[in-house]
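Take a look at the structure set out below.
Nothing here was measured: the structure is a model prediction, and the numbers come from that model.
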Amino acid sequence: MKIIQTVGTIHNNEIKLTLQEPLNDGKVDIIIIAENELDEFEQRHQIMVEQGYDTPEKVMELIHKVKLEMLSEKGRAE
């Protein structure tokens with residue numbers, strides 16, 4: 001296994017890069033790290049903040065509400 005780190009560009013969802021050393025033709029695994037893009041957790045966090053859940057107390061209140069709804073659906077809520 002050979003690991004090569006390089007920088008490429010994305011245009012219209014296609015990646016273009018140039019390798020500094022030769023590599024045999026064939027299939028390769030690619031890991032993309034986009035520094036200026038939000039990951040799934042960061043996207044969800046941003047949505048929660050936009051919806052007003054910007055403090056730990058408000059998040060805990062939301063969790064409590066969801067748990068009560070789940071219990072109600074199961075017929076266990078008071």
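- Asp39 CG to Glu42 CD: the interatomic distance, rounded to the nearest 0.5 Å, is 4.0 Å.
- Other members of a hydrophobic cluster containing Val7 are absent, since no ILVMFWY side chain comes under 4.5 Å of it, directly or through relayed contacts.
- If you take CD on Glu37 and CD1 on Ile32, they are separated by 10.5 Å, rounding to the nearest 0.5 Å.
- Between atom CD of residue Glu61 and atom OG1 of residue Thr55 there is a gap of 8.5 Å, rounded to the nearest 0.5 Å.
- By the rule that hydrophobic residues join a cluster once side-chain heavy atoms approach within less than 4.5 Å of another member, Ile47 and Met60 end up as members of separate clusters.
- Neither Val66 nor Leu71 shares a network with the other; the hydrophobic side chains, linked directly or stepwise wherever heavy atoms of I, L, V, M, F, W or Y lie under 4.5 Å apart, form separate groups for each.
- Annotation: Met48, atom CE; neighbour count of heavy atoms from other residues, nucleotides and ligands within 6.0 Å is above 12.
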For residues 12-29, which side-chain N or O atoms pair as donor and acceptor with protein atoms under 3.5 Å away, sequence neighbours left out?
residue: Glu21; atom: OE1; partner: Lys2; partner atom: NZ; Å: 2.6

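- Interatomic distance, CD1 of Ile63 versus NZ of Lys65, reported as 12.5 Å (0.5 Å rounding).
- In this structure, His64 NE2 and Glu69 CD are separated by 11.0 Å, a value rounded to the nearest 0.5 Å.
- Distance check, rounded to the nearest 0.5 Å: NZ of Lys58 to CG of Leu62 gives 12.0 Å.
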